[in-house]
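Nothing fancy with the numbering, it's 1 onward along the sequence. Computed over heavy atoms, backbone and side chain alike; hydrogens, waters and symmetry mates excluded.
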Amino acid sequence: MPSLAIAIEEWPLKAPFRIAGYEFTQCDLIVVSLEERGITGRGEAAGVYYHDETPDSMRAQIEEVRSEIEAGIDRMALRELLPPGGARNALDCALWDLEARRSGIPAWKRAGLDAAPAPLLTTYTIGADSPESMAATARRYAPAPRIKMKLTGEDDAARVRAVRTARPDAWIAVDANQAFTRTSLEALIPTLRECDVQLIEQPVKIGAEAELEDFCSPIPLAADESLQGLSAVAGLRGRFDVANVKLDKCGGVTEALLMVEAIRAAGMRPMVGCMDGTSLAMMPGCLVGQLCDFVDMDGAMFLKNDRAPAVHYENGWVRSPNMGWGKPDSP
C-alpha cells in the first residue's frame, strides 16, 4: 500500500505578474509524494486561485481522504473520491508517476500516445502592464512566434496596438480572464481585427456565457474559467470555439485526457494551459498538449529558479526532459 506525504513549497517569481483582478509575486504550491516499496511518484499543484484554493486548503482536502489513498486507490477511483481542483490534480499526477516508475511503462504510453512527447510550440504570456512595458516584453520574447497578452478591461486597445507594433511577425492571443462584458468585447473587436489577433480567451465572467450564444465573433473565442471539468464541456457548445484544459482546474491528467476527446466531439478545438508552477507541473501538461491544437505551457518560465529535471524553453518551444515525471527510473 502507498505511503502519502504532502509538502508545501514557495517559488518566487522573477517579477510580479498581473492579470485582471490579481497580481502574483510567488507560486505557492503543494507536492504530493506516493511511496510504495521504495518507489516514489510525485505530483504538483498550485490550485485554482479564483476558487480560493491555497496549499493549506488543498492539503486539508487530501488529509480528509488519506486513509482511502493509503489503502490503495487507482486514478479512476480518485475521480469519484475528490472533486476537480488542485488537490486531485496533485494526487492524480503522483499516481501516473508512480505507475510509470513501478511498471517501467512511461506515462505517454499509458495515455495511448503513439510516441514520446515531442517539443511543443507554446505561447509566451505577457502580464498586464502599461502598453510600453508590454511591448518591451514582446520584443524580448522574439523570435518566439506565439504571444498571449493579458488584458484587464481598461486601456486594452492601446496595449494590443503596442504589442502588435513591437511584434508584427507574431501570432497573438488575448486573455481577458473574465474582464469583459459583451458590450466591451464588441467595442474592442475592431482593434483586435486591425491588429490581427487570432484568439480571445475567456472574455466574460463565469455564469455569463449565455451572452455569447448569438455573438458571431470574427475571432475564435476560448473558454478557460468557464471550463472546470469534463461535465462542463457540453455547456460550451455554441458559445466557444476553443476549450482550455488545465490540470489544476480539472483535477489531473486522467480527466484532462477525457476532456480533450469530449471537446473534439463537441466540435471545438482543445487547448492545454497551466497555472504558474515548476517543471514537475509542466511535464504532465506537455503530455496532454500532444493532443491539443493550442498550447500555453510557459508557467515555469516566470520562476526565479526551477526544479530539476526541468523543461527547456527555447524560441517559443517547450521540451520535456528525458527523465523526470512519468518516466521509468531506468531507460
Side-chain angles (χ1 to χ4, degrees), residues 7-19 22-33 41-49 53 55 58 86 89-90 92-94 96-97 107-108 116-127 137-138 140-141 144-150 173 175 177 201 224 244-250 252-253 256 271-290 292 294-327:
I8 291 179
E9 299 179 351
E10 297 177 353
W11 293 79
L13 304 185
K14 295 174 183 174
F17 186 82
R18 183 182 170 220
I19 66 173
Y22 296 88
E23 182 175 273
F24 305 95
T25 58
Q26 66 181 28
C27 178
D28 301 318
L29 52 83
I30 62 169
V31 174
V32 166
S33 299
R42 296 189 303 159
E44 175 187 310
V48 183
Y49 61 89
E53 288 193 333
M58 290 185 286
N89 175 35
D92 180 80
C93 289
W96 276 92
D97 192 33
W108 63 265
L120 295 169
L121 186 61
T122 180
T123 53
Y124 282 5
T125 306
I126 304 174
T137 300
R140 286 199 300 271
Y141 283 163
R146 294 200 166 201
I147 290 172
K148 185 172 85 169
M149 52 184 300
K150 296 289 188 177
D175 186 0
N177 290 113
E201 190 173 345
D224 181 0
N244 189 352
V245 177
K246 291 181 179 175
L247 305 192
D248 270 307
K249 291 189 303 179
C250 72
V253 174
M271 173 180 178
V272 66
C274 63
M275 305 299 187
D276 286 337
T278 75
S279 286
L280 181 57
M282 299 303 114
M283 283 185 265
C286 285
L287 186 155
V288 176
Q290 305 298 310
C292 294
F294 303 94
V295 175
D296 182 24
M297 293 302 301
D298 62 345
M301 282 179 52
F302 301 98
L303 302 177
K304 283 186 178 179
N305 298 290
D306 195 3
R307 75 172 89 240
V311 297
H312 179 65
Y313 295 101
E314 184 176 12
N315 296 336
W317 293 84
V318 57
R319 175 174 53 82
S320 290
N322 292 328
M323 300 299 290
W325 181 89
K327 313 291 197 307

- Is a side-chain donor or acceptor of Tyr124 paired with a backbone partner of Ala138 at a separation under 3.5 angstrom? no
- Message: With a 3.5 Å distance limit and no angle check, can you tell me whether Lys304 reaches the backbone of Gln26 through a side-chain donor-acceptor pair?
- Response: no
- Stepwise side-chain contact (heavy atoms from CB on, under 4.5 Å) check, Val288 with Val253: CA-CA 7 Å; Val288 176; Val253 174; 4.3 Å; yes
- Query: Distance-only, no hydrogens or angles: does the Asn315 side chain make a donor-acceptor pair with backbone N or O of Ala144 under 3.5 Å?
  - Reply: no
- Task: Can you see which heavy atom on Asp97 is nearest to which on Gly324, and at what distance?
- Result: OD1-O, 4.1 Å
- Output for pair (Ile126 CD1, Met149 CE), nearest 0.5 Å, gives 6.0 Å
- Task: Would you please indicate if the ring centroids of Tyr49 and Phe24 are separated by under 6.0 Å?
- Result: yes
- Message: Once rounded to the nearest 0.5 Å, what's the spacing between atom CE of Met58 and atom CG of Asp248?
- Response: 7.0 Å
- Atom pair NZ/OG1 of Lys14 and Thr25 - distance to nearest 0.5 Å: 15.5 Å
- Between CG of Leu120 and CZ of Phe294, what distance do you get to the nearest 0.5 Å? 13.5 Å
- Under 3.5 Å, is there a donor-acceptor pair between the side chain of Asp306 and the main chain of Ser279? yes
- Message: Does Thr123 form a side-chain contact (heavy atoms from CB on, under 4.5 Å) with Ile147? I'd like the steps, not just the answer.
- Response: CA-CA 5 Å; Thr123 53; Ile147 290 172; over 6 Å; no
- Task: Only counting residues at least two apart or in another chain, list the ones meeting side chain to side chain contact (heavy atoms under 4.5 Å, CB included) with Glu314.
- Result: His312
- Message: Please enumerate all residues that pass salt bridge (charged side-chain N to carboxylate O under 4.0 Å, His left out) together with Arg42, with sequence neighbours excluded.
- Response: none
- Does a side-chain heavy-atom distance below 4.5 Å link Pro321 with Val311? yes
- Message: Quick one: does any side-chain atom of Lys246 pair with a main-chain N or O of Val48 as donor and acceptor, under 3.5 Å?
- Response: no
- Message: So does Cys93 get a backbone contact from the side chain of Trp325, meaning a donor-acceptor N/O pair under 3.5 Å?
- Response: yes
- Task: Output yes when a side-chain donor or acceptor of Gln290 lies under 3.5 Å from a complementary backbone atom of Cys286, and no otherwise.
- Result: yes
- Here the pair of heavy atoms bringing Trp96 nearest to Ala107 is CZ3-O, 3.5 Å
- Please report the shortest heavy-atom distance between Met323 and Pro309, naming the atom on each side. O-CG, 3.5 Å
- Note on the structure: Sorted by chain and residue number, the salt bridge (charged side-chain N to carboxylate O under 4.0 Å, His left out) partners of Asp276 (sequence neighbours excluded) come out as none
- Say you draw a straight line from CE of Met283 to CZ of Arg319; how long is it, rounded to the nearest 0.5 Å? 12.0 Å
- Supply the atom-to-atom distance Met297 CE to Trp317 CH2, rounded to the nearest 0.5 angstrom. 15.0 Å
- Message: Asn322 vs Lys327, test: side-chain contact (heavy atoms from CB on, under 4.5 Å). Steps then yes/no.
- Response: CA-CA 8 Å; Asn322 292 328; Lys327 313 291 197 307; 5.9 Å; no
- Query: Side-chain contact, heavy-atom cut-off 4.5 Å: Val272 with Val295?
  - Reply: yes
- Item | Smallest separation among heavy atoms of Phe17 and Thr125, with atom names | CZ-CG2, 3.7 Å
- Item | Qualifying residues under side chain to side chain contact (heavy atoms under 4.5 Å, CB included), relative to Ile8, sequence neighbours excluded | Ile30, Pro55, Asp56, Arg59
- Message: Test of understanding: with salt bridge (charged side-chain N to carboxylate O under 4.0 Å, His left out), list the residues that count as partners of Asp296, not counting sequence neighbours.
- Response: Lys148
- Atom of Glu23, atom of Pro16 and distance for their closest heavy-atom approach: CD-CB, 4.0 Å
- Message: Can you list everything that forms a side-chain hydrogen bond (donor to acceptor under 3.5 Å, both in side chains) with Arg307? Sequence neighbours excluded, please.
- Response: Glu9, Glu44, Thr278
- Item | Given Asn244, Asn89, Asp224, the one that forms side chain to side chain donor-acceptor pair (under 3.5 Å) with Lys249 | Asp224
- Message: Set out, in order, the CA-CA distance, both residues' side-chain angles and the distance that settles side-chain contact (heavy atoms from CB on, under 4.5 Å) for Tyr22 and Asn177, then state yes or no.
- Response: CA-CA 10 Å; Tyr22 296 88; Asn177 290 113; over 6 Å; no
- For the student: nearest non-hydrogen atoms of Pro284 and Leu247, plus distance: CB-CD1, 3.5 Å
